[in-house]
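Worksheet: the structure to be examined is printed underneath.
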Amino acid sequence: MAYQFDFAPVLQHSDLLLTGAAFTLALTAVGAVLGIGLGIVGALCRAWKISPFDRLFGLYVEVIRNTPFLVQLFFIFFGLPSLGVKMTEWHAAVLAMVINLGAYSTEIIRAGIQATPRGQIEAASSLALTRLQTFRHVVLRPALTRVWPALVSQVIIVMLGSSVCSQIAAEELTFAANFIQSRNFRAFETYFVTTAMYFVMALLIRQLLMRLGQRFIVGRPR
Amino acid sequence: MFVQFTTWDIVRNLLEAGRWTLALSLIAFVLGGLVGLAILFARISKNRLLQALTKGYIEVFQGTPLLMQLFIVFFGLSLLGVDVSPWIAAAVGLTLFTSAYLAEIWRGCVESVPRGQWEASASLALSYTQQMRYVVLPQALRIAIAPTVGFSVQVVKGTAVTSIIGFAELTKTGSMLANATFQPFLVFGLVAAGYFILCYPLSLYAKSLERKFHVAR
């Protein structure tokens with residue numbers, strides 16, 4: 001007998017799915033802002049060889065990039081409490097996302113910073129710009145412009161990766177999906193709808209971030 | 001009865017589970033490479049329909065979480081009447097995931113072969129197949145090696161997600177050991193170390209390949 005697809009039992013729980021999606025987006029937003037911030041600091045230390053932080057960030061980047069996000073999450077949520085660091089599932093999820101994105105964006109932004117032509121920094125200092133001004137206007141902003149598409153892709157990868165946060169009972173979209181399919185036994189339909197939601201969210205985030213980047217980093221064309 | 005786990009017991013169990021992580025990574029990488037090659041040829045073919053279909057395939061796999069892909073394969077295959085073990089679902093899901101990413105990476109490599117090479121080979125009256133076989137693919141292959149090795153790290157890390165559909169690889173075994181020993185810090189630290197040992201040499205190798213090919217170009 002052919003299987004009868006029935007999406008009604010899934011759509012009946014659309015409020016749960018939408019709440020879950022909102023939490024996924026919120027997690028991603030906080031994770032992205034803090035993660036990219038951490039990345040900027042890391043990239044600065046790495047590119048300008050600020051000892052000993054350049055070494056430390058180098059080690060951090062390699063450790064994070066060569067271990068799975070799920071294991072990082074478990075280590076933070078289950079492992080750290082034995083050192084007395086206890087946190088809620090949301091804090092653990094955000095922390096894991098920030099640490100993960102921080103490592104990738106350190107490398108991405110560093111590549112952008114290192115592509116700054118020497119002459120531009122010399123030109124900036126001959127115009128009597130302070131070190132901070134030089135960094136902000138001459139180094140960081142053009143660097144972010146160069147690597148923005150790569151950063152956006154990385155934010156989306158982290159958003160999609162956040163689906164494993166359901167495993168520490170953070171009630172985001174995948175958690176909602178797991179809950180719904182345990183109620184209606186329509187596993188395939190539930191995950192199908194959820195996957196479609198992730199897909200749409202990925203598209204929207206890409207559009208939004210590319211526009212924001214154009215507006216605030218690249219600057220409006222004059 | 002309670003079983004006492006020594007640190008060596010934990011390490012031994014993790015090493016045994018690590019073999020499954022390694023096996024799954026190899027299978028997904030090899031099969032994913034083969035499927036990816038087929039997707040690549042469809043993606044760069046002159047057939048509009050094939051182009052659109054494979055573009056969609058790549059976008060869907062790159063735009064959705066690996067966990068969802070695994071769930072869909074796991075529950076979808078059983079709807080088709082195939083009796084799936086977590087092992088099969090993990091292998092199929094990860095193969096599809098890998099194929100989409102590799103096809104996209106390789107497409108970039110093929111497209112980075114200068115236009116003039118196509119034109120020159122066309123003016124030498126080579127057929128499309130001959131152009132591919134003798135002119136474009138050998139050059140694309142050279143460019144493709146470093147990013148392909150780099151992506152293998154993502155495949156190894158991706159296998160961790162298969163623990164959620166119940167495949168007893170390194171992460172799943174780690175979770176069970178953490179519950180049994182009440183030593184999550186040690187166990188997940190060791191699990192992370194296990195992945196690092198698998199992935200770091202691949203990362204280093206990818207980086208050295210990248211450097212080598214950049215100098216040569």
Side-chain angles (χ1 to χ4, degrees), chain A residues 1-5 24 61-83 85 153 156-167 172-174 177-178 181 185-203 205-206, chain B residues 21 56 59-81 150 153-164 169-172 174-175 178-179 182-204 207:
Chain A
M1 196 183 77
Y3 181 80
Q4 295 289 318
F5 287 98
T24 292
V61 166
E62 293 302 342
V63 168
I64 297 300
R65 293 211 308 177
N66 288 297
T67 52
F69 177 66
L70 181 61
V71 175
Q72 295 160 12
L73 187 69
F74 281 172
F75 186 81
I76 289 172
F77 189 67
F78 297 118
L80 288 188
S82 57
L83 295 186
V85 188
S153 295
I156 290 170
I157 289 173
V158 168
M159 187 274 281
L160 298 176
S162 77
S163 70
V164 302
C165 294
S166 57
Q167 294 306 301
E172 39 68 78
L173 184 51
T174 304
N178 290 343
Q181 70 92 18
F185 302 113
R186 291 279 175 183
F188 184 81
E189 288 92 330
T190 308
Y191 289 123
F192 188 85
V193 170
T194 315
T195 306
M197 289 176 72
Y198 273 109
F199 189 65
V200 172
M201 281 155 64
L203 289 179
I205 291 180
R206 185 177 295 278
Chain B
T21 293
E59 275 175 11
V60 165
F61 278 97
Q62 293 196 333
T64 56
L66 174 59
L67 178 57
M68 287 295 129
Q69 295 162 18
L70 290 172
F71 276 146
I72 292 221
V73 167
F74 191 59
F75 293 109
L77 281 181
S78 50
L79 288 192
L80 292 176
V153 175
Q154 309 296 328
V155 178
V156 176
K157 291 195 294 177
T159 61
V161 180
T162 64
S163 65
I164 298 174
E169 39 63 80
L170 193 49
T171 307
K172 177 82 182 166
S175 299
N179 290 337
F182 302 109
Q183 287 182 296
F185 188 81
L186 173 70
V187 172
F188 286 119
L190 288 172
V191 170
Y195 283 104
F196 189 81
I197 291 166
L198 287 176
C199 294
Y200 190 55
L202 289 172
S203 296
L204 284 183
K207 210 182 265 179

B:Phe185 vs A:Phe75, test: ring-ring contact (aromatic ring centres under 6.0 Å, His included). Steps then yes/no. CA-CA 7 Å; B:Phe185 188 81; A:Phe75 186 81; 5.1 Å; yes
Is it the backbone or the side chain of A:Glu62 that comes under 4.5 Å from a heavy atom of chain B, or both, or neither?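 Answer is both: backbone and side chain atoms of A:Glu62 are under 4.5 Å from chain B.
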Relative to chain B, which segment of A:Ile156 carries a heavy atom at a distance below 4.5 Å: side chain, backbone, both, or neither?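 Contact with chain B: none, neither part.
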Quick check on [X] against chain A: is it the side chain, the backbone, both or neither that has a heavy atom closer than 4.5 Å?
X	answer
B:Ser163	side chain
B:Ile72	both
B:Thr159	neither
B:Gln154	side chain

Please name the pair of heavy atoms, one in [X] and one in [Y], separated by the smallest distance, quoted to 0.1 Å.
X	Y	answer
A:Ser166	B:Leu67	OG-CD2, 4.3 Å
A:Thr195	B:Thr64	CG2-CG2, 3.4 Å
B:Leu79	A:Phe5	CD1-CE2, 3.9 Å
A:Leu70	B:Ala160	CD2-O, 3.4 Å
A:Arg65	B:Lys157	O-NZ, 2.9 Å
A:Asn66	B:Tyr200	ND2-CD1, 3.4 Å

Under a 4.5 Å cutoff for heavy-atom pairs, which residue among B:Gly158, B:Gly81, B:Pro65 has the most contacts with chain A?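 Answer, by heavy-atom pair count under 4.5 Å with chain A: B:Pro65.
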Count the heavy-atom pairs under 4.5 Å between each of A:Val164, A:Val63, A:Thr67, A:Leu83 and chain B, then report the option with the highest count.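 Highest number of heavy-atom pairs under 4.5 Å: A:Thr67.
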Go through A:Tyr198, A:Phe192, A:Tyr191 and name the one with the most non-hydrogen pairs under 4.5 angstrom from chain B.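 Between A:Tyr198, A:Phe192, A:Tyr191, the count favours A:Tyr191.
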Min side-chain heavy-atom separation A:Phe78-B:Val187 under 4.5 Å: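 The answer is no; the side chains never approach within 4.5 Å.
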Taking atom [atom1] of [X] and atom [atom2] of [Y], what is their separation to the nearest 0.5 Å?
X	Y	atom1	atom2	result
A:Thr190	B:Phe75	OG1	CZ	9.0 Å
B:Phe188	A:Leu80	CZ	CG	11.5 Å
B:Leu70	A:Ser163	CG	OG	9.5 Å

